[in-house]
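Structure record follows, encoded as structure tokens.
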Amino acid sequence: MSGTGDGLDGRLAALADAAALARGRLGEEAVAAAEAVVERAGRRLGLGIEATVVALAGPTGAGKSTLFNALADAQLAAAGHRRPTTSAATAAVWGDVGDALLDWLEVPRRHRRDGEPSGLVLLDLPDFDSVERAHRVEVERVVGLADLMVWVVDPQKYADGVLHEHYLRPFAAYGEAMLVVLNQADRLDPAGRAACVRDLDRLLEADGLPELGVLPVSAVTGEGLGPLRELLEQRVGAREAAVARLAADVASAAAALAGACGGGAPGGVDRGDRAALTAALAGAAGVPGVVRAVAAAHRRGGALATGWPFVRWVRRLRSDPLRRLRLRDRETPAPAPALEPPAIRSSVPAPTRVQHAQVQAAARALADRAAGGLSAPWPGLVRTAALSGDDVLPARLEAAVSGTDLKLRTPRWWRAAGLLQTLLALLVLAGALWLLGLAGLGYLQLGDAAPTPDAAGVPLPTLLLGGGALVGLVLAFLAGVAIRAGARRRARVAERALRVRVQTVGEEVVVAPVEAELEAHRHLCAALAAARPGERRRSRVMLAAAG
Ligand SMILES: Nc1nc2c(ncn2[C@@H]2O[C@H](COP(=O)(O)OP(=O)(O)OP(=O)(O)O)[C@@H](O)[C@H]2O)c(=O)[nH]1
Ligand SMILES: [Mg+2]
């Protein structure tokens, strides 16, 4: 298909791209129309642009069939007084045109002609304003396929409403793919003819086709047929009509979609919105609770390891908060079968309705700012994208939290401090037993058998009991201070790790879909711009020929 003029191949590829991106996003009708253009253009170009399909269309009795016969120089199509006369398309084919093109046109009645213009496929159509619905459908169908439409009107029907409102005005971009012929010019005197042409020119201008001239002819007297033949030969010889028509198709299909690209540039995903989303997700994931549990578990573990042994057991009465959340020893669960959905494994509470609403609000705010400036329907599309993962969020957050390495560590000094506490407790016990022994001896009046050793005047057992207890309590106090500082540090480390995981969920479930939608907008609008022509070349050929 290479080598078609005006970069049509590239513009078709761009339109195909745009249509694929627009599917499900922009209006179904415009998308379907663009897809149809791509499909039809592919078929038409595949059939070769060496042939040019020219269709004669117009109201009943305008003289299409008579003109067709005159151009073919043979009585091929029935023309007459019965209205309407023609009920199916007839083709006259000049030169070596393959049947594939005529099969695609679905015109079974074909007449081969010799001579020039070689490559012309001339079609005589039924009346477009027919009382017969089938006629109207057939015209509509061929209008969609022909490379060049020749609108045949007569002095009575040139202002026909259907022609102007249904076939000309909506095709204002198809100036290069149309001709207008005023047939039965022999019925008018020169003044009447000039007035009629002027009036029709004015109507065409109102239709948005100011450069489309009017060619007066008479199929009966042959007047004006020379210039018409010349014009057709020129168009067929140039082999540009098919491309011009398809270019107009591409341009109007792209224009129908381009309304969605009218707005400004998208804002993109804002850093603040991202942070707010992460905060909302962290709340919904129960991060603060987990962080508190990490700190509490550290304090509890530290107290159990280093606390004063005589009151340590009190701590055991309260269970490990991390174990309560089932966040300890994460590596233990057996791997789940691959196909089963991941079970909710931790006992971190599911998001509350309020937390869920906060996440949605953050996602919406992020989407709205990201799509800021874009024209409809993009803000809605971006918002929908931001909320598209809503139902998977709870499971994803749960997995993120339970999969986070909370970096729980047991400081090595705990063990040393614990050993020291045990040693001190033994000294206290020894002192207490000693004193108890002395008291027992005294009670049995066996005292002073041996003097109690002392240090600096304090009896040794008293020193053991009192000093051991004092040092143990001071050690427990100092260890407690260090443990609380450690707990705060552990909490910060865990919170950072949890936030990273939660942020990843937000990126995947909210931000990525939003960015994908913005990318679709960018890509689609670039494709539409590439599909639309810059400057449209208008042919003045026919006005010259009409003179
Ligand atoms: N005077 C005059 N009569 C014409 C001219 N062209 C066609 N006619 C006559 O107008 C009548 C209708 O012509 P057709 O060729 O059958 O018209 P048509 O547009 O094919 O009509 P449908 O097939 O019904 O759509 C015939 O009687 C023709 O002889 C012309 O240029 N001048
Ligand atoms: Mg006819």
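Counting starts at 1 for both ligands and their atoms, following the listed order.
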Q. Salt-bridged, Asp270 to Arg274, with N to O below 4.0 Å?
A. no

**Q.** Arg202/Glu205 salt bridge by N-O under 4.0 Å criterion
**A.** no

(Q) For a side chain to side chain donor-acceptor pair (under 3.5 Å) check, start with the C-alpha distance between Asp129 and His135, then their side-chain angles and the critical distance, and finish with the verdict. (A) CA-CA 8 Å; Asp129 57 346; His135 292 192; over 6 Å; no

Q.
Considering non-hydrogen atoms of the protein only, which is the closest contact for atom 8 (N) of ligand 1, and what is the distance?
A. Gln184 NE2, 3.8 Å

Q: Enumerate the atoms of ligand 1 whose separation from the nearest heavy atom of Val220 is less than 4.0 angstrom.
A: 2 (C), 3 (N), 4 (C), 5 (C), 30 (C), 31 (O), 32 (N)

**Q.** Thr52 side chain near Leu232 side chain, heavy-atom distance below 4.5 Å
**A.** no

Q.
Check Asp160 with Lys157, please: is the shortest side-chain N to carboxylate O separation under 4.0 Å?
A. no

(Q) Does ligand 1 come near enough to Ala185 that some N or O of the ligand is less than 3.5 Å from an N or O of the residue? (A) no

Q: Could you tell me which atoms of ligand 1, counted from 1 in the order shown, lie closer than 4.0 angstrom to a heavy atom of Thr85?
A: 16 (O), 22 (P), 23 (O), 24 (O)

**Q.** Metal check, the Mg ion (ligand 2) vs Thr60 N/O/S, cut-off below 2.8 Å
**A.** no

Q) Less than 3.5 Å between some nitrogen or oxygen of Ala219 and one of ligand 1, yes or no? A) yes

Q: Pull out every atom of ligand 1 sitting under 4.0 Å from any heavy atom of Thr86, numbered as shown with elements.
A: 20 (O), 22 (P), 23 (O), 24 (O)

Q. Can you find an N or O of Asp124 that's nearer than 3.5 Å to an N or O of ligand 1?
A. no

**Q.** Which residue and heavy atom of the protein sit nearest atom 27 (O) of ligand 1, plus the separation
**A.** His81 CE1, 3.4 Å

Q.
Any N/O/S atom from Ser65 (main chain or side chain) under 2.8 Å of the Mg ion (ligand 2)?
A. yes

**Q.** Residues Arg245, Asp147: salt bridge by 4.0 Å N-O rule
**A.** no

Q: Mind telling me whether Tyr167 and Trp151 have parallel, tilted or perpendicular rings, with 30° and 60° as the class edges?
A: tilted

Q. Among Glu116, Arg113, Glu233, which one satisfies side-chain contact (heavy atoms from CB on, under 4.5 Å) with Trp94?
A. Arg113

Q. Got an N/O contact under 3.5 Å between Gly61 and ligand 1?
A. yes

Q) Quick one: nearest non-hydrogen protein atom to atom 18 (P) of ligand 1, plus distance? A) Lys64 N, 3.5 Å

(Q) I need the contact type for Asp186 against ligand 1. Using non-hydrogen atoms and a strict under-4.0 Å cut-off, is it side chain, backbone, both or neither? (A) side chain

Q) Atoms of ligand 1 less than 4.0 Å from Ala79 heavy atoms? A) 14 (P), 15 (O), 16 (O)

**Q.** atom 26 (C) of ligand 1: the protein heavy-atom neighbour that sits closest, reported with distance to 0.1 Å
**A.** Gly80 O, 3.6 Å

Q. Can Lys64 and Asp124 be counted as an ion pair, charged N to O under 4.0 angstrom?
A. no

Q. Please state which protein non-hydrogen atom is closest to atom 17 (O) of ligand 1 and give its distance, to 0.1 Å?
A. Gly63 N, 3.2 Å

Q. Hey, is ligand 1 close enough to Ala78 that some N/O pair sits below 3.5 Å?
A. no

Q) Going by the order shown, which atoms of ligand 1 are within less than 4.0 Å of some heavy atom of Thr66? A) 6 (N), 7 (C), 13 (O), 14 (P), 15 (O), 28 (C)

Q | Minimum side-chain heavy-atom gap Leu393-Leu281 below 4.5 Å | A | yes

Q: Starting from atom 6 (N) of ligand 1, find the nearest protein heavy-atom neighbour and note its residue, name and distance.
A: Asn183 ND2, 3.1 Å

(Q) Assess whether a salt bridge exists between Arg187 and Asp154, defined as any Lys/Arg side-chain N lying under 4.0 Å from an Asp/Glu carboxylate O. (A) no

Q) Got a salt bridge between Arg193 and Glu223, using NZ or NE/NH1/NH2 to carboxylate O under 4.0 Å? A) yes

